[in-house]
A.B. asks: 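The structure's right below; bear with me while I get my questions together.
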Amino acid sequence: MPCREHALQLQSAQPEFEQNGISIALVTFEEGHWLDRWRETTQIHFTILLDPQKNLYQAFGLQRSIRRTWNLPTLWFYAQKLLRGEKLIATGGDLHQLGGDFILDQHGQIVLVYYSHDPTDRPQPNTLLQSIQLKG
């Protein structure tokens with residue numbers, strides 16, 4: 001699911017993350033009006049790290065892909081939203097930037113990496129929590 005929906009899922013699971021000593025921070029290249037609008041529509045209160053030049057995206061090896069961004073699962077995701085009568089919300093950023101999930105320990109060491117194959121490919125919060133519990 002695209003990042004907005006994934007962030008909402010993470011917010012719903014925030015108490016479980018906190019019980020496991022995990023703080024959530026989001027990284028985005030969106031800024032200004034677009035970031036304000038995103039915060040307003042999601043009501044998410046995570047720490048947000050601004051990366052307009054996408055340096056962290058590059059450092060973590062996140063890819064851009066037109067083909068993978070507009071594949072059938074992504075088109076189907078948006079078609080379902082429209083069929084449910086939901087509005088699609090515009091973004092001002094790079095629509096072709098793929099995301100991922102990374103968990104770092106208190107020393108800054110990466111303990112979990114999940115590269116999204118396309119915008120709909122995001123791990124469920126319980127999957128992230130189980131991965132951390134297995135490593136702990």
A.B. asks: Do Y57 and Q63 pass the side-chain contact (heavy atoms from CB on, under 4.5 Å) test, and can you show the C-alpha distance, the side-chain angles, and the key distance before you say yes or no?
C.D. replies: CA-CA 8 Å; Y57 287 80; Q63 299 178 350; over 6 Å; no
A.B. asks: Rounded to the nearest 0.5 Å, what's the gap from CG on L104 to CG on L112? Could you check?
C.D. replies: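 Interatomic distance, L104 CG to L112 CG, rounded to 0.5 Å: 10.0 Å.
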A.B. asks: What is the minimum heavy-atom distance between G100 and L62, and which atoms define it?
C.D. replies: N-CD2, 3.8 Å
A.B. asks: Considering residues, nucleotides and ligands other than Q80, do more than 12 of their heavy atoms fall under 6.0 Å from its CD?
C.D. replies: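 Yes, CD of Q80 has more than 12 neighbouring heavy atoms, counting only those of other groups under 6.0 Å.
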A.B. asks: Do L50 and P52 make a side-chain contact, defined as non-hydrogen atoms from C-beta onward lying under 4.5 Å apart?
C.D. replies: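 Yes, their side chains come closer than 4.5 Å.
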A.B. asks: Assess the residue pair D121 and R68 against the criterion (salt bridge (Lys or Arg N to Asp or Glu O under 4.0 Å)); give the C-alpha distance rounded to whole Å, side-chain angles, the decisive distance to 0.1 Å, and a yes or no.
C.D. replies: CA-CA 10 Å; D121 176 33; R68 290 183 7 213; over 6 Å; no
A.B. asks: Any side-chain heavy-atom pair from R122 and C3 closer than 4.5 angstrom?
C.D. replies: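 Contact flag for R122/C3 side chains = yes.
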A.B. asks: Going from OG1 on T28 to CG on D51, what distance comes out if it is rounded to the nearest 0.5 angstrom?
C.D. replies: 8.5 Å
A.B. asks: Might you work through the side-chain contact (heavy atoms from CB on, under 4.5 Å) test for W38 and L26, ending with a clear yes or no?
C.D. replies: CA-CA 12 Å; W38 188 87; L26 305 177; 3.5 Å; yes
A.B. asks: Is the ring pair F60/F102 parallel, tilted or perpendicular, if the boundaries are 30 and 60 degrees?
C.D. replies: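 Ring orientation, 0 to 90° scale: tilted.
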A.B. asks: How long is the straight-line distance from OH of Y114 back to CD1 of I103, given to the nearest 0.5 Å?
C.D. replies: 12.5 Å
A.B. asks: Rounded to the nearest 0.5 Å, what separates atom CG in L128 from atom CD in E16?
C.D. replies: 12.0 Å
A.B. asks: Verify the neighbour count for atom CZ of R84: are there more than 12 heavy atoms of other residues, nucleotides or ligands below 6.0 Å?
C.D. replies: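 Counting neighbours around CZ of R84, more than 12 heavy atoms of other residues, nucleotides or ligands fall under 6.0 Å, so yes.
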A.B. asks: Can you name the nearest heavy-atom pair linking P2 to Y78, along with the distance?
C.D. replies: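 Distance-wise, the nearest heavy atoms are CG-OH, 3.3 Å.
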A.B. asks: Are L88 and W76 connected in a single hydrophobic cluster, I mean Ile/Leu/Val/Met/Phe/Trp/Tyr linked by side-chain heavy atoms less than 4.5 Å apart?
C.D. replies: no
A.B. asks: State, to 0.1 Å, how close Q43 and Q11 come at their nearest heavy-atom pair, and which atoms those are.
C.D. replies: O-OE1, 3.4 Å
A.B. asks: Could you walk me through whether K54 and R64 pass the side-chain contact (heavy atoms from CB on, under 4.5 Å) check?
C.D. replies: CA-CA 11 Å; K54 297 195 273 183; R64 288 183 81 250; 4.0 Å; yes
A.B. asks: Check whether any side-chain N or O of D105 sits under 3.5 Å from a backbone N or O of H107 as a donor-acceptor pair, and report yes or no.
C.D. replies: yes
A.B. asks: Is the side chain of S131 donor-acceptor paired with the backbone N or O of T127 at a distance under 3.5 Å, no angle test?
C.D. replies: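 Checking the backbone N and O of T127 against the side chain of S131, a donor-acceptor pair under 3.5 Å is found.
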A.B. asks: Please determine whether residues W70 and L98 belong to a single hydrophobic cluster, defined as Ile, Leu, Val, Met, Phe, Trp and Tyr linked transitively by side-chain heavy-atom distances below 4.5 Å.
C.D. replies: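 Hydrophobic grouping puts W70 apart from L98.
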A.B. asks: Measuring from F77:CZ to D118:CG, what's the distance to the nearest 0.5 Å?
C.D. replies: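 Spacing of CZ (F77) from CG (D118) equals 11.0 Å.
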A.B. asks: Could you please spell out the steps behind the side-chain hydrogen bond (donor to acceptor under 3.5 Å, both in side chains) verdict for T41 and R4?
C.D. replies: CA-CA 9 Å; T41 60; R4 178 182 314 271; 2.7 Å; yes
A.B. asks: Between atom NE2 of H6 and atom OG1 of T120, what is the distance when rounded to the nearest 0.5 Å?
C.D. replies: 12.0 Å
A.B. asks: Would you kindly say whether Y115 and D101 are connected by a side-chain donor-acceptor distance under 3.5 Å?
C.D. replies: no
A.B. asks: Indicate if L129 and F46 have the same hydrophobic cluster label, given that clusters are the connected sets of ILVMFWY residues with side-chain heavy-atom separations under 4.5 angstrom.
C.D. replies: yes
A.B. asks: Answer yes if the side chains of E18 and Q14 hold a donor-acceptor pair under 3.5 Å, and no otherwise.
C.D. replies: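 On atom types as modelled, these side chains qualify, holding a pair under 3.5 Å.
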A.B. asks: Is there a path from I48 to F17 through hydrophobic residues (I, L, V, M, F, W, Y) whose side chains come within less than 4.5 Å of each other?
C.D. replies: yes
A.B. asks: Above 12 or not: heavy atoms from other molecules or residues under 6.0 Å from CD1 of I110?
C.D. replies: yes
A.B. asks: Are L10 and L8 linked, directly or through other ILVMFWY residues, by side chains that come within less than 4.5 angstrom of each other?
C.D. replies: yes
A.B. asks: Could you go through Q130 and Q124, starting from their C-alpha distance and side-chain angles, then the distance that decides it, and tell me whether this counts as side-chain contact (heavy atoms from CB on, under 4.5 Å)?
C.D. replies: CA-CA 10 Å; Q130 288 170 0; Q124 295 293 315; over 6 Å; no
A.B. asks: Does some side-chain heavy atom of T47 sit less than 4.5 Å from a side-chain heavy atom of S23?
C.D. replies: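 No, side chains not in contact.
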